[in-house]
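Heavy-atom basis, side chains included; hydrogens, waters and symmetry copies ignored. Order of listing sets the numbers, starting from 1, for every ligand and every atom in it.
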Amino acid sequence: MTALAKIVHTAPEIDAEPDLTDGFHLVIDALKLNGIETIYGVPGIPITDLGRMAQAAGMRVVSFRHEQHAGNAAAIAGFLTQKPGICLTVSAPGFLNGLTALANATTNCFPMILISGSSEREIVDLQQGDYEEMDQLAIAKPLCKAAFRVLHAADIGIGVARAIRAACSGRPGGVYLDLPAKLFSQVMEAEAGQKSLVKVIDPAPAQRPAPDAIARALDVLKSARRPLIVLGKGAAYAQADDAIRALVETSGIPYVPMSMAKGLLPDTHPLSAGAARSTALKDSDVVLLVGARLNWLLSHGKGKSWGEPGSTKFIQIDIEPREMDSNVEIVAPVVGDIASCVQALLDGMGQGWQQPPADWIDTLKTKREANFAKMAPKLMSNASPMTFHAALGALRTIVKERPDAILVNEGANTLDLARGIIDMYQPRKRLDVGTWGIMGIGMGFAVAAAIETGKPVLCVEGDSAFGFSGMEVETICRYGLPVCIVVFNNNGIYRGTDSDPTGRDPGTTVFVKDSRYDKMMEAFGGDGYHVTSPDELTRAVNAAMDSGRPSLVNAVIDPAAGSESGNIGSLNPQSGIKKKV
Ligand code: ADP
Ligand code: MG
């Protein structure tokens with residue numbers, strides 16, 4: 001170093017130059033300050049460097065092949081952790097791909113933040129044709145719980161804080177955060193930047209129920225002859241597992257778990273009426289809903305799944321006051337967070353609580369046992385090709401032996417039958433198609449489940465469902481995740497037997513016959529298995545799960561075994577004209 005250089009280097013005016021930060025670093029610092037350590041996304045303009053820098057700053061950045069799956073991963077990360085899952089996408093098309101997952105997260109009440117880069121406001125607003133021009137904020141708004149845009153680096157801290165609070169507080173949901181490209185390179189003094197960050201204090205504050213609401217609910221519950229508790233995925237999300245178990249056991253009231261609430265108490269619990277669901281809903285006189293909406297999945301609380309109109313009284317625990325009376329009258333609304341509400345009910349039950357009449361418990365027990373007996377032979381068949389029941393019978397045993405594995409499940413018949421057949425033993429171990437019943441959540445959920453929990457993941461996928469996110473097997477292999485995918489391969493959607501009446505093309509619901517999905521996994525270095533009987537299936541899945549390696553089991557199912565639309569065929573409109581297609 002020359003003397004001159006040294007003088008210049010130590011000259012006071014240069015020493016006084018402040019440390020700088022920029023938009024990139026402030027976004028990362030804001031997320032980290034709030035305990036967010038993982039980003040799911042797809043890199044590209046203008047957020048490629050954001051991902052790189054986040055990784056360099058110690059965050060886990062999981063890159064997918066398509067934004068929808070990154071978004072689904074973020075959404076289920078939110079469900080599993082109560083912290084908003086982050087999905088990072090490029091502008092316009094990437095943003096739109098992520099939007100499906102954002103809307104789905106909002107519908108399912110999962111906290112998630114979709115952060116999208118966007119094009120320059122000046123050009124977008126004058127519609128002058130920028131690269132990937134789109135008014136993303138306006139498009140996102142009706143599809144999520146809240147949407148924000150940050151234009152100045154100094155507002156990144158408050159913007160991220162608003163997004164986190166909006167996602168987690170009250171009824172959780174999806175939030176959109178729009179970050180125009182120019183924001184990332186905006187520079188400000190590092191110290192001022194640091195001060196501009198906000199650590200969100202108590203992002204989901206307890207919301208205690210009013211004492212008179214609890215007293216009213218207990219009065220209704222006491223009057224019941226045939227009471228029932230319905231546990232929904234809100235109850236699973238709330239992580240109030242001990243209190244919920246205590247509520248069921250102290251009250252002695254049988255319960256039915258909604259699909260993602262399975263395992264909150266083990267499905268084998270003596271008070272589980274899951275296997276007597278129809279009788280439980282139809283014959284109950286008082287139903288306590290805990291984090292479950294009376295939407296289509298519960299036949300809107302009326303109609304033929306339920307007793308005579310007016311014969312069932314509903315008590316509902318929900319954090320969202322507007323959920324009350326959404327379909328039928330709620331005679332005892334209990335508004336608050338589930339942990340507080342359940343605890344308040346328990347406290348109110350006190351010493352003198354009367355267990356429900358024994359004949360009600362016996363009715364459900366008898367029904368449950370009859371249903372088991374009817375089902376048992378179907379689960380034990382070792383025929384080849386396999387039926388859905390026989391294949392699921394094998395997987396049922398595997399899940400029983402590996403209760404801490406996470407089960408991801410989607411499909412039509414594969415979903416409906418697995419939900420009933422595979423018992424769950426621990427909370428938040430069953431992740432599925434949720435409120436919309438959508439296909440395509442599989443690989444996104446699997447990746448996030450493995451990353452967030454460190455537990456093995458078993459995906460039970462219809463061949464159609466798997467196709468929506470199948471390319472993400474590369475992601476699973478790239479990150480070396482302990483995910484075992486079982487594809488129920490029946491050559492098509494619902495069944496693999498349809499044909500084109502004109503004879504020109506394949507039928508609209510069939511796929512290439514005898515496809516080998518296992519080869520897809522092998523293509524990226526994972527393990528493939530091809531099985532045709534329940535015994536082979538059992539051996540393959542056990543080997544795959546013992547190995548902890550990415551694996552795919554192609555399970556050949558009888559192409560004629562499925563039913564149209566699974567259990568919801570009644571929702572499928574039929575032509576009013578008699579002529580048969
Ligand atoms: P399911 O499909 O299992 O029936 P839903 O998604 O229909 O479940 O219902 C979940 C409900 O749980 C939503 O109405 C939501 O507002 C509510 N919820 C979510 N988290 C909480 C919480 N911590 N406390 C109270 N209610 C909650
Ligand atoms: Mg199929």
Side-chain angles (χ1 to χ4, degrees), residues 78-79 82 104-111 145 167-173 203-209 230-240 243-244 256-262 264 289-301 316-324 326-327 330 333-343 388 391 410-415 419 428 430-437 439 461-467 487-498 509-513 515 517 555-566:
F79 170 75
Q82 297 183 323
N104 188 52
T106 308
T107 300
N108 281 282
C109 315
F110 299 156
K145 191 176 167 193
C168 298
S169 60
R171 169 182 278 176
Q207 287 180 230
R208 302 215 160 75
V230 175
L231 300 174
K233 61 179 165 320
Y237 174 78
Q239 296 192 17
I244 287 169
V256 166
M258 300 299 286
S259 167
M260 282 177 61
K262 275 167 71 81
L264 213 42
L289 300 160
V290 185
R293 286 170 284 186
L294 277 178
N295 56 18
W296 70 282
L297 289 158
L298 283 168
S299 310
H300 308 281
Q316 184 162 24
I317 300 180
D318 206 290
I319 203 156
E320 171 56 65
R322 286 178 305 174
E323 188 56 41
M324 306 301 160
S326 58
N327 285 276
I330 301 299
V334 181
V335 175
D337 72 90
I338 285 167
S340 303
C341 294
V342 168
Q343 194 54 54
F388 285 96
E410 60 177 337
N413 292 280
T414 308
L415 174 90
R419 187 174 48 223
R428 293 170 295 284
R430 186 185 155 84
L431 310 177
D432 68 27
V433 304
T435 305
W436 267 346
M439 300 299 114
E461 302 272 315
D463 50 352
S464 159
F466 173 68
V487 176
F488 275 26
N489 187 355
N490 66 345
N491 291 343
I493 302 173
Y494 312 136
R495 275 184 302 261
T497 50
D498 269 13
T509 57
V510 301
F511 300 133
V512 169
K513 209 167 159 317
S515 297
Y517 293 98
V556 177
I557 303 287
D558 181 353
S563 63
E564 180 90 8
S565 304

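Of the protein's non-hydrogen atoms, the one nearest atom 21 (C) of ligand 1 is Ile338 CD1, 4.1 Å. Scanning the protein heavy atoms around atom 23 (N) of ligand 1, the nearest turns out to be Ala238 CB, 3.9 Å. Looking only at protein heavy atoms, the nearest one to atom 19 (C) of ligand 1 is Gly234 CA, 3.8 Å. At the top of the distance list for atom 10 (C) of ligand 1, counting protein heavy atoms only, stands Gly291 O, 3.1 Å.
Closest of all the heavy-atom pairs between Leu294 and Asn327 is O-ND2, 2.7 Å.
Put simply, Gly562 stays out of reach of the Mg ion (ligand 2), with no N, O or S atom under 2.8 Å from it. At a cut-off of 2.8 Å, Asn490 is counted among the residues with an N, O or S atom near the Mg ion (ligand 2).
Heavy-atom separations between Gly336 and ligand 1 include at least one value shorter than 4.0 Å. Ligand 1 is never approached by Ala261 to a heavy-atom distance shorter than 4.0 Å.
Between Tyr237 and ligand 1, no N or O atom pair is found at a separation short of 3.5 Å.
Under the 3.5 Å distance criterion, with hydrogens and angles disregarded, no donor-acceptor pair is assigned to the side chains of Lys233 and Ser259.
With contacts defined as side-chain heavy-atom distances shorter than 4.5 Å, the pair Asp337/Ile317 does not qualify. Looking at Asn108 and Phe79, their side chains never come closer than 4.5 Å, going by heavy atoms from C-beta outward.
Atom CZ of Arg171 sits in a crowded spot, with more than 12 heavy atoms from other residues, nucleotides or ligands closer than 6.0 Å.
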